[in-house]
Trainee: 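Have a look at the structure that comes next, please.
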Amino acid sequence: MQLGLRSPDRSGRNARPAARAISLRSLSAGGLIATAIILALSTQFLFQVEMYNIWPLRDILSGWLDYFLDLATAGGCAFVAFSLAALLRAAPGMAGHALLVASLALGALAGEWWLLARSPLPPDVSTVAVLFAKVARWVVLGGLAYAVYVFRRRAAEVASRAHESELHGLQLERQTSEARLQTLRAQIEPHFLFNSLANVQRLYQTDRGRGRRMLANFVAYLRAALPEARRDETTLNQEVELTRAYLNVLQVRMGDRLKVSVDVPGELGALRFPPFALSTLAENAVKHGLNPLPEGGSIDIRARVEGPQLKVELADTGAGLTQSGGSGTGLANLRARLSALYGDAASLEIEANTPRGLRATIAVPAKPGLADPV
């Protein structure tokens with residue numbers, strides 16, 4: 001007979017022996033299952049075909065009702081004994097299960113004994129044998145029902161633990177993503193910041209106009225970068241502005257060796273985008289693509305929506321990653337970060353550009369509605 005028992009407190013606070021308490025809902029469900037078992041057993045009385053040739057239907061139904069009440073008496077005693085044992089059970093594991101089955105047997109024995117006391121058996125019939133057979137029937141049926149309950153409860157616990165493990169995995173992925181974001185920031189910022197400040201200082205000594213322009217671009221970069229540093233997601237417009245500010249600083253330093261074009265439709269600006277993703281591609285293109293070439297090159301940024309995805313492309317006319325000997329750590333970290341944030345819904349594709357250089361395309365789900373940070 002199915003009985004819902006509460007699992008022990010895993011936290012260790014106010015811990016009680018296993019299954020010390022039972023909910024009224026679970027008790028009611030167990031009672032309904034016990035009633036269904038008793039009703040099913042009672043129908044065997046109605047399948048005695050020879051009775052229909054001897055007795056009228058009214059007497060047959062009356063006999064069935066008496067038989068049903070006798071089964072309800074014995075089954076009810078077994079259920080009550082089982083319920084009391086479940087409420088008071090202190091032994092964990094197999095010992096606890098054995099005690100519950102024993103209580104089921106004792107309850108059934110009490111009920112069947114009382115029925116035999118009301119209607120004694122003929123002298124030539126062994127009371128012990130009859131009691132043993134009837135109690136064994138209740139133990140088998142009730143034990144099977146209880147086994148089904150135990151297996152279902154364990155399956156639910158396994159599913160719950162799997163769900164908790166999945167949530168823990170998602171938290172770890174989020175933490176990993178944040179760590180990779182910090183790595184990306186660390187790759188761009190330290191040498192870039194110090195080099196930019198050193199260049200501003202040098203230009204103020206040699207060319208104050210360029211120095212002022214580089215300082216203004218540098219301040220614009222900081223204004224764009226600081227809000228993104230606090231967010232897991234930004235907008236495409238904010239990321240483009242950050243990348244544009246970063247490249248503007250480098251343009252003052254590189255002069256004609258760096259040319260930049262941006263083609264991002266205004267209606268795409270509010271779509272969500274991972275912070276420092278596009279700027280990572282820009283940093284990689286300058287460091288590994290344009291810097292190795294005396295003549296430098298160009299960087300073109302494009303964005304479009306294809307189906308459910310926002311695709312942002314950065315193409316350069318540099319030397320290419322393999323030719324420049326770059327390690328590609330930033331790209332590897334970015335690819336891992338996209339996977340942690342979006343799973344299979346995002347990707348980073350790197351391919352050769354024409355006539356030379358690389359073309360990197362970030363694809364993420366096109367999600368609108370991210371408010372600008374205040």
Side-chain angles (χ1 to χ4, degrees), residues 180 184 187-188 191-192 195 217 221 224 234-269 271-339 341-342 344-366:
R180 293 186 183 279
L184 292 174
Q187 288 178 339
I188 296 176
H191 71 274
F192 171 73
N195 287 346
N217 291 330
Y221 168 80
T234 184
T235 63
L236 177 60
N237 184 61
Q238 291 162 359
E239 180 66 11
V240 168
E241 290 304 313
L242 170 66
T243 305
R244 194 197 302 269
Y246 171 77
L247 293 174
N248 285 342
V249 173
L250 294 179
Q251 270 188 316
V252 176
R253 192 172 69 193
M254 296 177 65
D256 293 337
R257 295 180 62 239
L258 174 60
K259 300 178 179 61
V260 179
S261 68
V262 178
D263 181 12
V264 177
E267 63 270 17
L268 304 184
L271 297 181
R272 301 188 183 201
F273 200 74
F276 292 92
L278 183 60
S279 55
T280 297
L281 297 182
E283 190 267 351
N284 189 79
V286 172
K287 181 178 179 181
H288 300 298
L290 305 186
N291 271 342
L293 300 179
E295 69 276 20
S298 63
I299 290 179
D300 299 320
I301 298 173
R302 304 285 183 269
R304 65 188 184 277
V305 171
E306 291 186 2
Q309 286 191 315
L310 166 66
K311 292 189 175 182
V312 180
E313 173 188 291
L314 185 145
D316 68 75
T317 59
L321 184 60
T322 55
Q323 295 180 20
S324 63
S327 63
T329 303
L331 297 180
N333 287 337
L334 176 57
R335 184 175 281 110
R337 208 174 127 239
L338 291 173
S339 177
L341 287 173
Y342 306 102
D344 295 335
S347 64
L348 170 62
E349 296 182 358
I350 307 294
E351 58 185 351
N353 192 25
T354 302
R356 70 180 182 188
L358 290 177
R359 183 184 307 275
T361 304
I362 297 175
V364 297

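Below, each value reflects all heavy atoms present in this structure, side chains not excepted, and no hydrogens, waters or symmetry copies. None of the values given here were measured: they were computed from a predicted structure. Here, residue 1 is the first one in the sequence, and each next residue gets the next number.
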Trainee: So, does Thr317 use its side chain to make a donor-acceptor pair with the main chain of Ser298 at under 3.5 Å?
Mentor: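 Checked: pair present.
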
Trainee: Specify the closest pair of heavy atoms between Ala303 and Pro265, including all atoms of both residues, with the distance to one decimal.
Mentor: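 In terms of heavy atoms, the two residues are closest at O-CD, 3.5 Å.
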
Trainee: Kindly compute the distance separating CG (Leu358) from CD (Glu351), expressed to the nearest 0.5 Å.
Mentor: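 Going from the CG atom of Leu358 to the CD atom of Glu351 covers 9.5 Å.
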
Trainee: Identify the two heavy atoms, one from Leu348 and one from Arg335, that lie closest to each other, and give their separation to 0.1 Å.
Mentor: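 The answer is O-NH2, 3.0 Å.
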
Trainee: Taking all non-hydrogen atoms of both residues, which atom of Ile299 and which atom of Ala285 are closest, and how far apart?
Mentor: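 Shortest heavy-atom separation between Ile299 and Ala285 comes out as CD1-CB, 4.0 Å.
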
Trainee: Considering all heavy atoms of both residues, which atom of Tyr342 and which atom of Phe273 are nearest to each other, and what is their separation?
Mentor: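 Closest approach of Tyr342 to Phe273: OH-C, 4.3 Å.
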
Trainee: Could you grab the distance from atom OG of Ser279 to atom CG of Leu314, nearest 0.5 Å is fine?
Mentor: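 Going from OG on Ser279 over to CG on Leu314, the span is 10.0 Å.
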
Trainee: Mind checking the CG-CG spacing from Leu242 to Leu247? Nearest 0.5 Å is all I need.
Mentor: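 Here the interatomic distance stands at 9.5 Å.
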
Trainee: Is it true that Lys311 and Glu313 have a side-chain N and a carboxylate O under 4.0 angstrom from each other?
Mentor: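 Looking at Glu313 together with Lys311, the answer is no, because their closest N to O distance does not fall below 4.0 Å.
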
Trainee: How close do Pro274 and Thr234 get, heavy atom to heavy atom, and via which atoms?
Mentor: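 Smallest heavy-atom distance, with atoms named: C-CG2, 4.1 Å.
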
Trainee: Quick check on side-chain contact (heavy atoms from CB on, under 4.5 Å): which of Leu250, Leu290, Asn291 does Arg257 satisfy it with?
Mentor: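 Among Leu250, Leu290, Asn291, the one that satisfies the side-chain contact (heavy atoms from CB on, under 4.5 Å) with Arg257 is Asn291.
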
Trainee: Mark yes or no for whether Glu349, through its side chain, and Thr361, through its backbone, hold a donor-acceptor pair below 3.5 Å.
Mentor: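 No, Glu349 side chain to Thr361 backbone: no donor-acceptor pair under 3.5 Å.
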
Trainee: Using 0.5 Å steps for rounding, measure from the CD atom of Glu241 to the CZ atom of Arg244.
Mentor: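 Going from the CD atom of Glu241 to the CZ atom of Arg244 covers 5.0 Å.
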
Trainee: Run the side chain to side chain contact (heavy atoms under 4.5 Å, CB included) check on Val262 and Thr243 step by step: do they pass?
Mentor: CA-CA 10 Å; Val262 178; Thr243 305; over 6 Å; no

Trainee: Could you walk me through whether Leu331 and Leu281 pass side chain to side chain contact (heavy atoms under 4.5 Å, CB included), step by step?
Mentor: CA-CA 7 Å; Leu331 297 180; Leu281 297 182; 3.6 Å; yes

Trainee: Could you tell me whether the side chain of Asn353 and the main chain of Asp316 form a donor-acceptor pair under 3.5 Å?
Mentor: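 Indeed, once roles are kept as given, a pair shorter than 3.5 Å links the two residues.
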
Trainee: For Asp263, is the CG atom crowded, meaning more than 12 foreign heavy atoms sit under 6.0 Å from it?
Mentor: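 It does: Asp263 CG has more than 12 such atoms within range.
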
Trainee: With heavy-atom distances below 4.5 Å as the criterion, would you say the side chains of Val305 and Leu271 are in contact?
Mentor: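 Result yes, sub-4.5 Å side-chain heavy-atom pair found.
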
Trainee: Rounded at 0.5 Å granularity, tell me how far OG1 in Thr280 sits from CD in Glu239.
Mentor: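 Between Thr280 OG1 and Glu239 CD, I get 7.5 Å after rounding to 0.5 Å.
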
Trainee: Taking the side chain from Gln309 and the backbone from Ala345, do they hold a donor-acceptor pair closer than 3.5 Å?
Mentor: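 Answer holds: yes.
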
Trainee: Pair Leu334, Asn284 - check side chain to side chain contact (heavy atoms under 4.5 Å, CB included), show working.
Mentor: CA-CA 11 Å; Leu334 176 57; Asn284 189 79; over 6 Å; no

Trainee: Once you round to the nearest 0.5 Å, how far does OG1 of Thr354 lie from CZ of Arg359?
Mentor: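 Between Thr354 OG1 and Arg359 CZ, I get 6.5 Å after rounding to 0.5 Å.
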
